[in-house]
Amino acid sequence: MIDVENLTRKFGDITAVDKLTFHIGEGEVFGFLGPNGAGKTTTMRMLSCLISKTSGKARIAGYDVSDETDSLKIRKIIGLLPENNGLYDDLTAYKNLDFYGKLYECSKTQRKENIEYFLKLLGLWDKRDVLAGTFSKGMKQKLAIARSLIHEPEILFLDEPTANLDPESSKTVRDFIIDLKKEKKTIFLNTHNLDEAQRICDKIGIFNTKLMVIGSPEELEDSILEKKTAIQLKEVNDKILKALGNLSLRNLTIDNNKLIIDVVNPENENPIIVDAIVSAGGKVQYMTQINSTLEDVYLKFVRGKK
Amino acid sequence: MKLWKSWVIATKDFSTFREKKNTIYPLIVLPLLFSIGLPILIGRIGNVIEGIGNLIKVIGLPILITGSSSNDITVLLNSFSFFYIMFAFILPSTLASYSILGEKIEKSLEPLLATPITDTELLLGKIITSFLPCVAIIYFSAVIFMVLSDAVTYNTIGYLFFPNWNMAIILLLAVPLVSILSIQLNVIISSRVSDVRTTTQLGLLLFLPFIGLYIFLETSIISLNIINLLGIFVILFVVVAVIFSISKAIIQRDKIITKRG
């Protein structure tokens, strides 16, 4: 559905997006993770035909984003929720949606039905004749989501949909995206909310000007070789530490009689570690494996954290 | 190109104007004050005209306020008619500056440009947005001006000065063209800058040629007759056509979106 190959955008000497390549299939939810200023919004703008690319290729549903005729076709089949909701404060909720429905060439009946459907679904139907400017942030965001869906697009571009929202509004928006996922919409989700990405996305790309890594949340978590073993001892003493020192461990930290040890192959390494502790007179109270999280993956690639 | 999309954009803007009364009221007040005030002034101070003429002569302007007072009045009325060309430049500039810049400020440009509209449809929509209200206000004011002027000058000059061919050319040809020119220039400026002050200041600079033209008329370097007005119309027409054809290249969505400050 979305095919990107070596997509690059420069602003003068600054490269905002560098040779980005990925594929998103129909009905997939793709999470584009990265820090502020990573080039996520620039990428989304290129894919939604708002700005041009410097080089590379990008096709949406087979249409070329850099072709003028194709770009009109692309804009008909995509829905965009930009970072700023961009609603007309001086228009009512209904008129905001009706205006966009007209520009998306929806029939009068389709506009009427869809406006009623989405406003009811998002709990805004009673506020349809109220100026959007008087809405709370959460209500505005819901209205902006309704706007991006008014023409029933096949592909949705959502830029930080839950940013600056309170937890309740965030949950409403997140649940709504999950509902859209069930409807098999292809969704490109810009976010730096790792929890959100993990819960919603089928595929995640970690991006900081360049695409660092791409895969399912599970694949990404497994991609980090370093795992951690946590061993709670009754007491940590020098004898135990000396025994562990002989094992040439990669990294060992001690927190309140709990040893946290970096391991590459827990199945092989854990028995050796336990043997060493027990031989040194240590008493193991419990032992757990700490798997790497999406946060670890994100930090590793974005900050270069090991 | 789908013209109806431009109309959709314009009608949306008209709806938002209803809530922006502070933007609209000054547009109505200025030409109305002028259109009501000047005829009253002409009626009240007909005998002062000669004094004004003398004063202008003292400062060296060879203005044609000499001879009978009916001549003086017709010269003044003709001269005041030119003000409607200036209104046609001034009034739309406020709305036009706001048209793109307002969308930028409200951050509504991004979702708008993400819809399947072409740059030409957007530009045309923004021209309609500023054009129709301003031209309507100018026509309404001009009608008041003409009726009141005729009422207060009929006894002195012995005939109804308005309507006349000069005013017809000004209102039907010059005013629409100057309005479109002003709108185009202001839309171009507002698409390239990000604050209202800069747009207004640059817009005022563009007004200078009209001040120059007015001085030429007042100093009789050019006279406000039908031939000259038609000449001005032809020049304006060419300028407007050229600017419209190049505006698509100037107003690039890429730059509008990325230029923030």
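In what follows, every chain begins at residue 1, and chains take the letters A, B, ... in the order their sequences are listed. All figures in this text were calculated on a predicted structure; none of them were measured in a lab.
A donor-acceptor contact shorter than 3.5 Å is absent between the side chain of A:R75 and the backbone of B:A114.
Only the side chain of A:L131 comes within contact range of chain B, with heavy atoms under 4.5 Å apart. Neither the backbone nor the side chain of A:F157 has a heavy atom closer than 4.5 Å to any heavy atom of chain B. Of the atoms belonging to A:D98, not a single heavy atom falls under 4.5 Å from chain B. If you measure heavy-atom distances from A:L80 to chain B, the contacts under 4.5 Å come from the side chain alone. Contact annotation for B:E103: only side-chain heavy atoms (C-beta onward) come within less than 4.5 Å of a heavy atom of chain A. Within the 4.5 angstrom heavy-atom criterion, no atom of B:L109 approaches chain A.
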Note to self: Using the rule given for side-chain contact (heavy atoms from CB on, under 4.5 Å), can you reason through B:S15 versus A:L91, listing the C-alpha separation, both sets of side-chain angles and the distance that settles it, and then say yes or no?
What the structure shows: CA-CA 7 Å; B:S15 299; A:L91 293 183; 3.6 Å; yes
* I would like to know whether A:E105 and B:K2 meet side-chain contact (heavy atoms from CB on, under 4.5 Å); could you show each step before the answer? => CA-CA 11 Å; A:E105 303 177 21; B:K2 293 171 179 167; 3.0 Å; yes
Practice task
Walk me through it: do B:I117 and A:L72 pass the test side-chain contact (heavy atoms from CB on, under 4.5 Å)?
Solution key: CA-CA 7 Å; B:I117 55 164; A:L72 279 176; 6.0 Å; no
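Chain B forms more heavy-atom pairs under 4.5 Å with one residue of A:K95, A:H151, A:R147 than with any other, namely A:R147. Highest contact tally toward chain B, considering only A:D90, A:N85, A:I78, A:I74, is held by A:D90 [criterion: heavy-atom pairs under 4.5 Å].
Between A:E83 and B:K107, no side-chain nitrogen of the basic residue sits less than 4.0 Å from a carboxylate oxygen of the acidic one, so the salt-bridge criterion is not met.
Within 6.0 Å of the CZ atom in B:F17, the count of heavy atoms belonging to other residues, nucleotides or ligands exceeds 12. Summarising the local packing, CZ of B:F237 is surrounded by 12 or fewer heavy atoms from other residues, nucleotides or ligands at distances under 6.0 Å. The local environment of CZ in B:F14 is crowded, with over 12 non-hydrogen atoms from other residues, nucleotides or ligands closer than 6.0 Å.
Once rounded to the nearest 0.5 Å, the distance linking CG of B:L113 with OG of A:S48 reads 10.0 Å. Expressed to the nearest 0.5 Å, how far OH of A:Y100 lies from CG of B:L112 amounts to 5.0 Å. Between the OG1 atom of B:T16 and the CZ atom of A:F99 there is a distance of 9.5 Å, given to the nearest 0.5 Å. Atom-to-atom distance recorded for B:D119:CG and A:E68:CD is 7.5 Å, nearest 0.5 angstrom.
Across every non-hydrogen atom of A:G86 and B:S108, the tightest pair is O-CB, 3.2 Å.
Looking at heavy atoms from C-beta onward, B:E106 lies in side-chain contact with A:D89 at the 4.5 angstrom threshold. Looking at B:E110 and A:R45, their side chains come closer than 4.5 Å, going by heavy atoms from C-beta outward.
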